[in-house]
Amino acid sequence: MDTIVSLCKRRGFVFPAAEIYGGFANAFDYGPLGTEMRRNIRNAWWQSMVHGRDDVVGLEATVITNPKVWEASGHVTTFNDPMVDCKNCQARFRADHIDLKAPCPECGAVGQFTEPRLFNMMLRTYIGPVQDESSVAYLRPETAQGMFINFENVLTATRRKLPVGIAQIGRSFRNEITPGNFIFRTREFEQMEMEYFVKPGEHHAAYDYWRKERFRWYVRLGVRPERLRFMVHPQEALAHYSAGTTDVEYLYPIGWQEVEGIASRTDFDLKQHAAYSGRQLTYFDEESGQHIVPYCVEPAAGVDRTFLMLLCDAYDEETLEKNDTRVVLHLHPLVAPVTVAVLPLSRNEKLVPTARTVWDLLRPHFATQFDDAQSIGRRYRRQDEIGTPWCVTVDFETVEQDNAVTIRDRDSMQQERVPIEDLVAALRERFDAAVAQTNRAADAFEPQL
Ligand code: GAP
């Protein structure tokens, strides 16, 4: 993990938050490359969950909303983690993350833990000038509730029939007791959630479908399937709203950990909000001629954990010929922060104008970078290290002879000469081929439950 953290800082993927003020524990800012990669993750998710489908629509709800939402959802009373303190060193742990009979993981003291106490994880704030209990509001701990409270609005506005999904991407906040492991567990993070509403009875099939579909999505992004697995929650460990939950886990450097949870939430949320708001959150089923409360299946993923997973999965230190080595991120072109780098062979005044013209040609089509500093070999290595799938090199032949450039492939390091006029199409073809390849792999893959 340390290698990934240092690469992230050095190359501008992730910075410690507020570093010039000594930092802010367990908070991170995303740098230029991290920002691009996160946009790509969100776009890939949106494409797969909304644009690519005919049964899901989007939503953007507020981060701070009526506190009654969190009473109805159960978060005010049940969104608690059991917490213990070590009386010897004052370190704080989640009681369910450690063995309470074992020595303290921080100081080694035995038998020094306090009794577990419940700790509500919602972050509180106050609305308006008076800060008392009547002005308390919460930063949302999940985006999901936005979909439930807008269920009626969305269905009325879109005139959709079941099954219908409502999807949202946005920041959520939790006062985690034990944040850590870089961006894996933080207090501010970003979720990609979709609530898929079906007729009661159809939820078992929907739960199965979404578990497999979501697993395959990571394969579509190029993640090695052998580093992914399902973890079905035992009945006694289910969240208060869930009739069944399965996590997609990834083998991070810290071990197998959840990247996404798929939950069968039954009609719990709509019924709760109906009871608390006094509104009828039902659906008129033309087939049976009755008003029904739909059931809901929810795939809930994290942008930050997907980001970390993709970096861990892509990272490689390769030994090349003549004992040369390189660090390379084998990122899928769909998520790589830079798709194409334009590199003039040198800063020679003959080459740079043409290289800039090539750059102008590519910018409307791809995320690009222009780099003319240092030797071409070093520049290839720099692009390898940030996962750029293709480098386009402009050399003397380009300007003096053939008006063609070289496309260098990151993974194979093969080079191919292409006329400038065909360059966009040639790169597009490579991009589409990479997408088609992982799509085929995902479609052929049968995730094991
Ligand atoms: N609406 C259901 C829900 O929020 P969750 O399993 O608590 O379910 C879904 O969260 C996803 O959000 C997780 O799988 C993870 O990717 C991300 N997530 C949750 N808490 C996080 C945290 N403290 N830091 C980073 N990501 C987090």
Side-chain angles (χ1 to χ4, degrees), residues 14 17 25-28 30 38 41-42 45 49 59 61 63 69-70 72-75 78-81 94 96-97 119-123 138-149 165-196 207 210-211 214-215 217-218 221 223 228-233 237-250 252 254 256-266 268-270 272-273 296-310 312:
V14 186
N26 300 299
F28 298 91
Y30 286 87
R38 285 167 64 89
I41 292 169
R42 287 189 209 108
W45 188 88
M49 300 296 276
L59 181 82
V63 167
V69 170
W70 309 113
S73 68
H75 283 86
T78 56
F79 196 52
N80 300 313
D81 271 345
R94 262 175 66 172
D96 54 339
H97 278 184
F119 171 82
N120 191 285
M121 288 164 64
M122 278 199 295
L123 278 156
Y138 302 96
L139 275 64
R140 67 179 173 200
E142 61 172 16
T143 58
Q145 296 305 321
M147 278 75 103
F148 297 120
I149 61 174
I166 311 178
Q168 176 169 207
I169 301 179
R171 297 264 174 171
S172 294
F173 301 82
R174 295 181 190 175
N175 200 0
E176 296 279 0
I177 302 167
T178 47
N181 290 316
F182 192 35
I183 54 173
F184 182 81
R185 192 184 308 281
T186 51
R187 297 194 170 103
E188 174 177 348
F189 53 94
E190 189 156 7
Q191 293 188 304
M192 305 181 282
E193 298 195 287
M194 196 270 283
E195 307 305 322
Y196 196 71
Y207 180 45
W210 280 112
R211 289 194 289 188
R214 293 304 307 151
F215 192 108
W217 185 67
Y218 297 100
L221 297 188
V223 176
L228 289 164
R229 73 174 188 193
F230 280 127
M231 207 284 282
V232 181
H233 286 217
L238 292 177
H240 61 275
Y241 53 76
S242 173
T245 299
T246 302
D247 292 343
V248 178
E249 292 191 336
Y250 176 74
Y252 290 96
I254 50 171
W256 287 102
Q257 295 286 344
E258 169 189 347
V259 60
E260 167 159 0
I262 299 102
S264 183
R265 296 183 75 125
T266 65
F268 174 85
D269 303 272
L270 288 180
Q272 284 290 106
H273 288 300
C296 177
V297 172
E298 170 200 74
V303 175
D304 312 82
R305 287 190 192 175
T306 303
F307 181 99
L308 183 59
M309 171 181 75
L310 292 169
C312 294

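Ligands are counted one by one from 1 in listed order, and the atoms in each one are counted from 1 as well. The first residue in the sequence is number 1, and the count goes up from there.
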For Glu298, the ligand 1 atoms whose distance to one of its heavy atoms is below 4.0 Å:
1 (N), 2 (C)

Can you name the atoms of ligand 1, numbered from 1 with element, that are less than 4.0 Å from a heavy atom of Ala144?
1 (N)

How far is [atom] from its nearest protein heavy atom, and which residue and atom name does that atom have?
atom                    : answer
atom 17 (C) of ligand 1 : Gly302 CA, 3.9 Å
atom 27 (C) of ligand 1 : Phe189 CD1, 3.4 Å
atom 25 (C) of ligand 1 : Phe184 O, 3.2 Å
atom 12 (O) of ligand 1 : Gln191 NE2, 3.2 Å
atom 24 (N) of ligand 1 : Thr186 N, 3.1 Å
atom 6 (O) of ligand 1  : Glu258 OE2, 2.9 Å

Keeping the roles fixed (side chain from Glu195, backbone from Ile166), state whether a donor-acceptor pair exists under 3.5 Å.
no

Of the backbone atoms (N, CA, C, O) and the side-chain heavy atoms from C-beta on, which set of Glu260 has a member under 4.0 Å from an atom of ligand 1: side chain, backbone, both, or neither?
backbone

So for Val259 against ligand 1, with non-hydrogen atoms under 4.0 Å, the contacting part is backbone

Nearest non-hydrogen contact with [atom] belongs to which option: [options]?
atom                    : options                        : value
atom 8 (O) of ligand 1  : Ala300, Pro141, Pro179, Gly261 : Ala300
atom 15 (C) of ligand 1 : Arg305, Met121, Arg185         : Arg305
atom 4 (O) of ligand 1  : Met309, Gln257, Glu249, Arg174 : Arg174

Could you tell me whether ligand 1 has any atom less than 4.0 Å away from a heavy atom of Asp304?
no

Would Arg265 count as a contact residue for ligand 1, given that I'm defining contact as a non-hydrogen atom of the residue lying under 4.0 Å from a ligand atom?
yes

Closest contact, heavy atoms only, Arg305 versus Phe184:
NE-O, 2.8 Å

Any residue meeting side-chain hydrogen bond (donor to acceptor under 3.5 Å, both in side chains) with Gln191, in chain and number order, not counting sequence neighbours
Ser172

Phe230 and Phe215 aromatic ring geometry - parallel, tilted or perpendicular at 30°/60° bounds
tilted

